[in-house]
Number of protein chains: 2
Amino acid sequence: MNSVPTNPSGEGPGSASPSFRPLYQQIKALITQSLQSGEWKPGELMPSEVELAVRFKVSQGTVRKAIDELAAENLVVRRQGKGTFVATHHEERAHFRFLKLMPDEGAPRPHENRYLEVRRIRAPAEVARLLELKSGDAVVYIKRVMSFDAVPIILEELWLPGQLFKGLTAERLVEYKGPMYGLFESEFGTRMIRATEKIRAIGADGAAAEVLNVAEGTPLLCADRVSFTYGDRPVELRRGLYLTAQHHYQNELS
Amino acid sequence: MNSVPTNPSGEGPGSASPSFRPLYQQIKALITQSLQSGEWKPGELMPSEVELAVRFKVSQGTVRKAIDELAAENLVVRRQGKGTFVATHHEERAHFRFLKLMPDEGAPRPHENRYLEVRRIRAPAEVARLLELKSGDAVVYIKRVMSFDAVPIILEELWLPGQLFKGLTAERLVEYKGPMYGLFESEFGTRMIRATEKIRAIGADGAAAEVLNVAEGTPLLCADRVSFTYGDRPVELRRGLYLTAQHHYQNELS
DNA sequence: AAGTGGTCTAGACCACTTT
DNA sequence: AAGTGGTCTAGACCACTTC
């Protein structure tokens, strides 16, 4: 006997399958909700598969399949013998998922940040559009330089929804050690899940040239990023200018 | 009763688990071998899961898990109700996996190719190293321009192992319609599985400037690609120079 | 020893496609 | 109606970690 409902969110009797949704996807959505609501926080241990199976009244196999997909999307991390943990940006492991610039030779080196600007401004039209805000809404604007071995390599500008990042100041950024996404996740409850990037080659303008200590017109790699949190909500805009004389943007096509 | 061998490729009796390898991974390796050997060719229908389960003397579930991973790696494609097919580059679907340049506005448009050079040469040291050949081995060198709406946008150079691409001539390339990887797969039995790219911004040199019809020094996006076939064997080197005034390299971080 | 994720099986049923 | 992939279950056992 198998009592699995064909379509628990019944569309009425006799509906053959106008909107079929597998059970494990419904479970996956429920788990995602708990992640989003903060029931289990980044880095924490989640309930075991059997516990979740009891809680949702399904078999362990169904919970497994749901968690399988969440692990594939880097929302959770499984550790055999230990349990399943909520993914976090506070790990070496996650750093290079969003920082794809690598030195041409040798291992990646730590970087130092220098913050040039941290201000609250009204969102320009284009920024508002991409962040799905109203034009003129408050956004936090950040401008910083990242250096490797004291050589400035990256010039970044960020725009963040002011609503979500109320207490974000230059001091908080400067004193914080570790990746910026770690700060966002711990202090502002906003976790970056995935991002899209549009990459171009441009010539350095006067401002960029000065900061990166190169001649005006020097070719720079320009990466325009939109980052998303749970539910595909855009929550960060970022423009990175990369000096690629001794570095490159590393990408995998698969 | 469960007759699954703990470690079929026994390392001797009493060996607790010095080299444990799940059954489904062994099945996956066997299926990959059949793909590589051409037992089932790109685009063809593979045996059903139950057939494979009988053949390998395992349960359908174990075969499923093996095929799940092959599908995730884009080696096969599942179609409910129809069967599992060997992946092929002869599909709209696969095109944009290896051509990431998109127009800033509007939908992707078809492109025209013009071949500037197709020659057999001796591999330069760097090329030989990356293709794991001996320095001086024969390689096919290709230089081409790709245009969108009659505007040259991409200048590409390719290096292919001469051994694998014996009959590759300019005529074959010119007369062939469709993606180059389709030709490689159909006519030369070499299927590109995945690739790595190192991306930089450079200034156009004289030759590139002329072909792309821009001023010398114009910023170009430079993508150095190494492509791999089954067994992670490198089988293509490619340098693409992209004009990114009206286009961008589209990337997903996930 | 106990608990966790990971593997494997056998069987039932569902959704989709083709005959 | 038959065949295929897709879902779900229940149960056994394995590998790994911790107590």
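Fair warning: this is a prediction, and the values are worked out from it, not measured in the lab. The chains referred to below are lettered A, B, ... by the order of the sequence lines, with proteins before strands, and numbering in each begins at 1.
Comparing atom distances between the B:Val58 side chain and each of D:dG5, C:dT9, C:dG5 picks out C:dT9 as nearest. Of the candidates C:dG5, D:dT7, D:dC8, C:dG5 carries the atom nearest the A:Arg78 side chain, counting heavy atoms from C-beta on. Closest to the side chain of A:Thr62, from the set D:dT9, C:dT4, C:dT9, is D:dT9. When distances run from any side-chain atom of A:Leu23 to the nucleotides D:dA15, D:dT17, D:dC8, the shortest one goes to D:dC8. Listed nucleotides D:dG6, C:dT4, D:dT7 differ in distance to A:Tyr24; the shortest reach to its side chain belongs to D:dT7. Checked against D:dA15, D:dG6, C:dC8, the side chain of B:Ser59 finds its nearest nucleotide in C:dC8.
With rounding to whole Å, A:Gln60 atom CD is found 13 Å from C:dC8 atom C1'. Rounding to whole angstrom units, CG of residue A:Asp68 and P of C:dG5 are separated by 12 Å. B:Arg64 has its CZ atom 15 Å from the P atom of D:dT9, to the nearest Å. Counting to the nearest Å, the P atom of D:dT4 and the CG atom of B:Leu52 are 11 Å from each other. Nucleotide C:dG5 holds its C1' atom 18 Å from the CD atom of A:Glu69, rounded to whole Å. A straight line from CD of B:Glu51 to P of D:dG5 spans 8 Å, rounded to a whole angstrom. As a whole-Å value, the separation of B:Glu49 CD from C:dT9 P is 14 Å. Between the C1' atom of D:dC8 and the CZ atom of A:Arg21 lies a distance of 16 Å, rounded to the nearest Å.
Stacking of A:Arg194 on the aromatic ring of A:Phe228 is recorded, both the 6.0 Å distance cut-off and the 45° axial limit being met. In this structure, B:Arg79 is positioned above the aromatic face of B:Phe85, its NZ or CZ under 6.0 Å from the six-membered ring centre and within 45° of the axis.
Using a 4.5 Å heavy-atom threshold, the side chains of B:Val77 and B:Thr84 count as separate. Residues B:Phe96 and B:Pro108 meet the side-chain proximity criterion, which asks for heavy atoms closer than 4.5 Å.
Side-chain N/O atoms of B:Lys65 include none lying less than 4.0 angstrom from OP1 or OP2 on C:dC8. Phosphate proximity of C:dG5 to A:Lys82: absent, as no side-chain N or O sits under 4.0 Å from OP1 or OP2. Proximity of B:Thr84 to the phosphate of D:dG5: a side-chain N or O atom is located under 4.0 Å from OP1 or OP2. Of the side-chain N and O atoms in B:Arg79, none sit less than 4.0 angstrom from OP1 or OP2 of D:dT4.
For A:Phe98 and A:His89, the gap between ring centers is short of 6.0 Å.
With a cut-off of 3.5 Å on both pairing distances, the Watson-Crick or G-U wobble partner of C:dC8 is D:dG11. Judged by Watson-Crick or G-U wobble contacts below 3.5 Å, the nucleotide C:dT17 has D:dA2 as its partner.
Mapping B:Gly81 and A:Gln25 onto DNA chain D by nearest heavy atom places B:Gly81 closer to the 5' end of the strand.
Checked against A:Glu185 for a side chain to side chain contact (heavy atoms under 4.5 Å, CB included), the options A:Met180, A:His90, A:Lys41 give a single hit: A:His90.
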